[in-house]
Structure formats: C-alpha cells, structure tokens
Amino acid sequence: MYRKMVQIRHFEDHAAEAYAQAKVGGFLHLYIGEEAVAVGAIAAVREDDHVLGHYRDHGYALARGCDVKACMAELFGRETGLCHGRGGSMHLADATKHFWGGHAIVGSHIPIGAGMAYAMQYREEPLVVLDFFGDGATGNGIFHEGLNMAALWNLPVVFICENNLYGMGATLAEESPVSDMMIKAEGYTMPAVQCDGMDVLSVYGAVQQAAEHCRSGKGPFFVEAMTYRFRGHSMADPELYRDKEEVRRWRELDPIPRFGDFLVQHRITSPQELAEVNEEVEAEMLEAVRFADDSPWPDPDSVDRWIYAKPINPEAPEEAPSMAGNPAGAAT
Amino acid sequence: MAELTYREAVRSAMREEMRSDPRVILMGESITGYGGSYAVTKGLVEEFGPKRVMETPIAEAGIVGFAVGAAMGGLRPVAELMTVNFALLALDQIVNSAAKFHYMFGGQWSVPLVVRTVSGFGQLGPTHSQTFEGWFASVPGLKVVMPATPADAKGLLLAAIRDPDPVIFIEHSLLYSTKGEVPEQEGLEVPIGRAAVVREGTDVTLVGYSRMLLQALHAAEVLEREDGVSCEVIDLRTLRPLDYPTVVESVGHTHRVVLCGEDWRTGGFGGNLLSEIQDRSFDDLDAPIARVAMRDIPLPYSRKLEQQLIPASQQIVDAVRRMS
C-alpha cells in the first residue's frame with residue numbers, strides 16, 4: 001500500500017510537470033493528498049471486484065494495478081494509452097482490471113455502479129462494486145437516484161464518498177446543509193461509517209467491513225473518507241477560495257509519511273527500505289514519461305474507430321465488419 | 001403471418017427474446033402490476049418474475065444509468081421510459097454514458113442497451129406532446145429506430161436487443177392499436193439501418209417514419225385518386241444510421257421529394273435529412289425539397305388548437321400540389 005501511494009504521488013508530480021510543458025492538454029485533476037482513499041479501499045477488496053470512479057481518476061487506475069506507462073501515455077494522448085488516447089486524463093479505464101472508468105459528469109457513475117452490482121446479484125456472483133465520488137456529487141439528483149435503487153434492491157455496492165471539503169471552488173457550507181455526507185445515506189436506511197481518509201489503514205478497515213457486509217448479501221454500504229486535496233481542483237485553479245494556512249495544516253497529515261512512520265515504528269520496514277521504494281518508483285515514473293513521449297500518436301485515419309461495437313453502414317450494406325469483442329458480453 | 005397490434009408486436013419481441021436469452025431484463029416505471037402506461041409490458045412479469053421485469057422508482061436518469069451498468073455487467077437491459085418527454089431527464093446518461101463508453105474507452109466494452117420510449121400526442125399539453133428523435137439521431141454512438149408497422153416494431157426490437165450498441169427505440173402512442181401482418185416465425189429480425197420502399201411510384205418521393213409514414217401512405221392514395229400523381233413512399237425505419245442510398249435511388253427517378261416529420265421545423269430531423277439529400281441528389285432534383293413539420297409552437301391542450309398544428313396527410317398532399 002505504501003508503494004501504491006508513492007506511485008500515485010510521483011505519477012501526479014510528473015503529470016503536472018508534463019502539463020506545464022504542454023505535453024498533457026485539457027483538464028488535469030491531481031489526486032495528491034487523497035492517495036490513502038483509493039489505495040486503502042482498493043486493497044481491501046478482491047481483484048475481481050469492480051471499481052468505478054470520478055474524473056480525478058489516476059489514483060484508482062494505479063491502485064488497481066493498471067499499467068503505469070499506459071496511464072501516462074493516455075495523458076499524453078498517444079496510441080499506447082490505456083484508452084488509445086480517446087479518453088484522456090478524466091477517462092482512464094481498464095476492463096481487464098475491472099476498473100470501469102473515470103466518469104467526468106459528476107455523479108453519473110453512481111447508478112451505473114448500482115447496475116453493475118445488479119448484474120452480479122442476478123448471476124449470484126459474490127462480487128462487490130466500489131463506487132467512488134466526491135462530496136460535491138451528493139448535491140446532484142443522480143446520487144440520490146442511485147442510492148435509492150441500490151438500497152431498494154439490496155445491491156452489493158460500496159459507495160465511497162471522498163469528502164475533501166470542496167466541490168471544485170464551493171465550500172461544504174456552500175454546497176450542502178450537512179457537513180457529514182454519511183448522514184445522506186440514512187434516508188436510504190444504508191449503514192454508513194466515516195473514516196480518516198488521510199490514514200490508509202483507517203480506509204482499509206472501513207472498506208473491508210463495508211465489502212464484507214455487501215458480499216454477505218446485506219445490501220449497500222456507505223463509507224465517507226475525510227480527506228483533502230493538496231493541489232487545486234485542476235491545474236487551472238488559482239485556489240482563491242481557501243487559505244494557505246488550512247492547506248498547510250492538512251499537509252501535516254500527509255498520508256504517505258504518516259503510513260511510512262507507522263511502518264517504521266512497528267518495525268515492519270526500515271527508513272532505508274522506504275527510501276528505496278521511493279527511488280524505484282521515481283525510476284518507474286521517469287520510464288513512464290519516456291515511454292509516453294516516445295509513443296506514436298494515434299493514426300489520424302483511426303479517428304472514427306470504436307464509435308460502435310457493431311458499425312452498420314447503409315452505404316455498403318453487404319459489409320458487416322465486426323470490431324473488438326465485448327468483455328462485458330463475453331463475461332456471461 | 002399473424003395479425004397483431006403494434007403494442008402486441010413490441011411485447012412479443014420482448015417475450016421471445018426473454019425466453020431465448022436469460023440476460024435480457026426489462027425495467028421501467030409501473031411496468032409490472034400496472035402493465036406499463038401504454039400496457040405494452042402487460043403479462044410479462046407474470047411469466048418472467050420481478051427479477052427480470054423490474055419495477056423502478058420514478059427516476060429516469062437513474063433508470064438509464066442503472067441499465068448502462070447492468071449492460072456493462074453482462075446483462076441485456078431493455079429500459080422503458082414512459083414517454084420521450086421524460087427521456088429528457090435521462091439525456092445525460094444516454095449521451096454521456098451509453099453513447100460514449102465504447103469510443104472513449106478505446107473499444108474495451110460496449111453498452112448493449114435498449115431504451116424504449118414513446119412519442120405522441122392527444123390533448124396531453126405542452127410538456128407531454130413532444131418529439132425529439134432528431135436530438136438522439138444527432139449523437140454518434142447511438143442507433144435510433146422508429147418503426148411504423150407492427151412487423152417492423154417486432155423485427156427491429158429483436159435486432160435492437162441483440163445489438164451490442166445502445167439503441168433508442170421510439171414507439172408512437174397513436175400507433176399502438178394499429179394492426180398489421182407479422183411473420184409468425186420466432187426471432188425474425190428486421191435489420192437496423194435499412195429503409196423500405198413501401199409503395200412504388202414515379203412522380204414524387206414521400207419520406208416518412210413512424211406515424212408520418214401512415215400519413216404519407218394516405219396522402220399517396222389521395223394524390224393518385226384525385227390528381228393522378230404517382231407517389232413513391234419510403235419508410236426510413238432507422239434514423240441513425242440512415243439509409244441514404246435508398247432515398248437517393250428513389251429521388252433519382254422521381255426527381256421530387258417531400259420529407260414528412262412531426263417534430264419542430266427548427267432543428268427538427270427533417271432539416272438534416274434535407275441538407276444531406278440536397279448534397280447527394282442536387283442534380284436529380286426538379287423542385288426544391290419540401291418539408292412537412294410541426295410549426296415552432298408548443299403543442300397546446302385545447303383540441304381545436306392542437307388539431308391545427310399536428311402534421312397530417314393533408315399537408316403532404318398540399319406540399320406535393322405546390323410542387324407541380
């Protein structure tokens with residue numbers, strides 16, 4: 001878990017640098033400060049459980065073990081990217097790792113996660129869905145529609161609310177009548193816990209409990225992780241809405257040195273070993289940037305590929321081209 | 001052949017596909033005990049049970065989002081949205097989720113989803129009498145189907161459920177009780193993306209779909225009887241992808257065309273159709289392309305007011321007479 005958190009941190013640092021060099025375009029939302037949430041939660045479930053997240057999604061991809069080079073290449077818009085340069089930073093996904101995306105319309109993936117959980121329940125598979133979203137999503141109707149359905153049909157989905165105190169530039173007080181998002185689960189009779197999102201073990205424990213609950217057929221569970229992003233909402237954010245002292249206080253809770261100290265204090269590892277992990281990860285990230293830089297751009301002629309799984313061309317009805325397979329369909 | 005109503009044809013497609021494919025599920029508002037607001041799903045929960053015929057909360061965005069997730073999880077959901085007016089609440093899930101995933105995730109998975117919904121009017125007032133197929137047809141990643149006959153309703157719905165991509169399947173409330181011959185062979189598809197020439201003619205091509213196809217056929221009879229004009233009538237059946245070659249071929253020998261729709265004139269589907277036909281068939285045309293569409297007015301409740309706005313066969317007849 002320590003290595004995964006360091007991976008995310010270094011990945012994000014390099015992504016920010018590449019953004020500054022205009023190698024990464026569009027919007028770039030960094031997960032720095034929140035690493036413990038993705039890493040703790042995803043470590044607490046099975047590899048074949050399903051994961052969906054929002055647009056600040058690099059952390060989920062890396063915590064899920066998606067190829068680091070392919071993730072970086074996706075940010076660079078290259079053919080070797082996780083989604084062949086079609087999705088970009090906000091839309092990473094890897095079906096082989098059961099990571100079903102980066103979703104960039106706030107809250108849209110909440111009922112999607114519930115629907116996936118229904119498919120698991122329908123086939124009586126003992127799998128759960130982890131569905132990550134932010135505090136800002138809880139103001140959207142789709143959040144309530146998704147929770148309502150998941151509770152109504154007793155679905156195995158863990159809703160993980162990353163409460164980082166801001167919905168882009170709006171403070172909690174400006175966007176919600178309650179500051180504890182777990183209260184919103186109560187109306188759906190959904191059990192909920194709050195955990196320290198700056199402590200990977202706290203998140204791990206909460207999600208382990210939640211997943212066990214779901215897997216035993218008791219229905220959905222709500223986990224609220226109290227966390228903080230150290231950087232702005234995106235690279236374009238001047239951060240006029242929060243003061244530097246607040247940011248400094250939260251930085252003292254940095255989940256990476258905190259977990260590192262814990263590991264050393266409990267003699268699970270040594271400071272040297274942690275330093276080695278940091279060096280190895282940094283080398284891995286330099287290699288990923290090099291790979292992305294050297295990777296080919298997508299072929300311009302391939303721009304209309306993948307619009308459909310089964311393209312139908314009335315101009316040439318005798319042709320019946322079939323495209324890449326459908327892992328979802330094939331899974332049944 | 002068996003004679004079925006349009007409603008029965010839609011239902012029989014769902015029943016047959018549910019019998020042969022255990023992945024197919026239905027979901028929607030009041031589709032179980034009530035049988036659906038247009039009674040299309042009547043009897044299905046009794047045969048297949050509530051696990052496969054799911055009564056949902058009144059939450060259109062949630063229904064489609066849930067169905068997208070179920071499709072990603074390996075099921076074949078058919079989500080019913082009570083009317084196309086309510087589908088506006090689900091536009092985000094249709095456009096940003098269902099239509100995008102296959103493309104933006106680099107072909108990793110598709111969303112085999114059918115959204116069944118209904119156009120139509122009948123003194124329902126401004127919020128319940130709208131027609132939005134042009135909006136859906138403008139989105140790459142969607143397939144949009146609008147059957148006019150019971151046979152097509154059944155065959156196209158079978159094709160839609162089996163299709164690996166999201167299909168918007170728009171029925172018409174005023175067609176549900178119409179009857180027609182439907183092949184008795186089970187599981188017989190009508191392919192998506194093919195128009196049909198439903199009446200051959202030599203003087204003018206009438207292009208319609210859904211209810212307007214029936215209006216076009218009626219106009220063709222009137223014009224033949226009263227004016228001696230021979231109309232060729234095309235049923236588009238699928239709006240995306242659209243079978244332009246069939247239209248172009250027809251215009252190639254009639255040299256005149258009237259586009260028959262019931263959505264608003266501004267931004268309506270016919271406008272796009274018109275520009276495309278002009279591009280492809282300009283040299284074949286002997287007259288400007290004519291359009292029958294709804295005037296840009298919300299459809300009012302009062303019968304007297306509503307009647308003067310709803311596009312019908314008389315406007316098609318008038319459009320043809322103005323051409324010659």
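The sequence lines fix the lettering, A, B, ..., with proteins before strands; numbering per chain opens at 1.
Rounded to the nearest 0.5 Å, atoms OG (B:S97) and NE2 (A:H109) are 10.0 Å apart. Going from atom CG of B:L75 over to atom CE of A:M116 covers 10.0 Å, rounded to the nearest 0.5 Å. Atom OH of B:Y103 sits about 7.5 Å away from atom CG of A:D304, to the nearest 0.5 Å. Rounding to the nearest 0.5 angstrom, the gap separating the NE2 atom in B:H102 from the CZ atom in A:R86 is 11.5 Å. Between the CG atom of B:N96 and the CD1 atom of A:I105 there is a distance of 4.0 Å, given to the nearest 0.5 Å. Expressed to the nearest 0.5 Å, how far CD of B:Q108 lies from CH2 of A:W100 amounts to 8.5 Å.
Interface remark: of the candidates B:G62, B:A61, B:P22, B:G62 forms the most heavy-atom pairs closer than 4.5 Å to chain A. Between chain B and the residues A:H103, A:H144, A:E74, A:M120, the most heavy-atom pairs under 4.5 angstrom are made by A:H103. When the candidates A:G141, A:G115, A:A117, A:G85 are compared by the number of heavy-atom contacts under 4.5 Å with chain B, A:G115 comes out ahead. When each of B:D92, B:V68, B:V248 is checked for heavy-atom pairs under 4.5 Å with chain A, B:D92 comes out on top. Ranked by heavy-atom pairs under 4.5 Å with chain B, the first of A:L152, A:N148, A:L92, A:D94 is A:D94. The most heavy-atom pairs under 4.5 Å with chain A, out of B:R240, B:K100, B:M27, come from B:R240. Contact count against chain A (heavy-atom pairs under 4.5 Å) is highest for B:P57 among B:P57, B:G193, B:P77. Ranked by heavy-atom pairs under 4.5 Å with chain B, the list A:H91, A:Q121, A:H50 is led by A:H91.
Neither the backbone nor the side chain of B:T246 comes within contact range of chain A; no heavy atom of the residue lies under 4.5 Å from a heavy atom of that chain. Residue contact with chain B, scored on non-hydrogen atoms closer than 4.5 Å, involves the side chain of A:I142 exclusively. Heavy atoms closer than 4.5 Å to chain A are found in the backbone of B:L142, but not in its side chain. Contacts between A:I110 and chain B at a heavy-atom distance below 4.5 Å are absent for every atom of the residue. Neither the backbone nor the side chain of B:I58 comes within contact range of chain A, judged by heavy atoms closer than 4.5 Å. For a residue to count as touching a neighbouring chain, one of its non-hydrogen atoms must lie under 4.5 Å from one of that chain's; by this rule B:A67 does not touch chain A. Contact of A:V157 with chain B is not made at all, since no heavy-atom distance falls under 4.5 Å. Proximity to chain B (any heavy atom under 4.5 Å) is restricted, for A:L155, to the side chain, taken from C-beta onward.
Under the 3.5 Å distance criterion, the side-chain polar atoms of A:Y308 are left unmatched by any main-chain donor or acceptor of B:K143. For B:D165 (side chain) and A:A309 (main-chain N/O), a donor-acceptor pair under 3.5 Å exists by modelled atom type.
In terms of heavy-atom proximity, A:A119 sits nearest to B:G73 at CB-O, 3.5 Å. For A:I112 against B:F101, the heavy-atom pair with the smallest separation is CD1-CZ, 3.8 Å. The two residues A:A93 and B:W109 have their closest heavy-atom pair at CB-CH2, 3.7 Å. Between B:G106 and A:H84, the shortest heavy-atom distance links the atoms O-CD2, 3.7 Å. Nearest heavy atom pair, residue B:A59 against residue A:E145, reads CB-OE1, 3.3 Å. Summarising the geometry of B:F105 relative to A:G102, their closest heavy-atom pair is CZ-O, 3.6 Å, with the distance given to 0.1 Å.
Within 6.0 Å of the CZ atom in B:F86, the count of heavy atoms belonging to other residues, nucleotides or ligands exceeds 12. Heavy atoms of other residues, nucleotides or ligands lying less than 6.0 angstrom from NZ of A:K218 number 12 at most. Around atom CD of B:E249, no more than 12 heavy atoms belonging to other residues, nucleotides or ligands sit under 6.0 Å away.
In this structure, a donor-acceptor pair under 3.5 Å is present between the side chains of A:Y122 and B:R52.
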Legend entry - Audit row: B:M104, A:C83, side chain to side chain contact (heavy atoms under 4.5 Å, CB included) steps and yes/no: CA-CA 7 Å; B:M104 99 179 164; A:C83 302; over 6 Å; no
Inset, instruction - Kindly determine whether B:M54 and A:W153 satisfy side chain to side chain contact (heavy atoms under 4.5 Å, CB included), including the steps that lead there. - result: CA-CA 10 Å; B:M54 299 174 73; A:W153 297 320; 3.8 Å; yes
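Side-chain contact between A:E315 and B:P245: present, with at least one pair of heavy atoms (C-beta onward) separated by less than 4.5 Å.
Results of the side-chain contact (heavy atoms from CB on, under 4.5 Å) test with A:I312 over B:D243, B:T238, B:D163 single out B:D163 as the only residue that passes.
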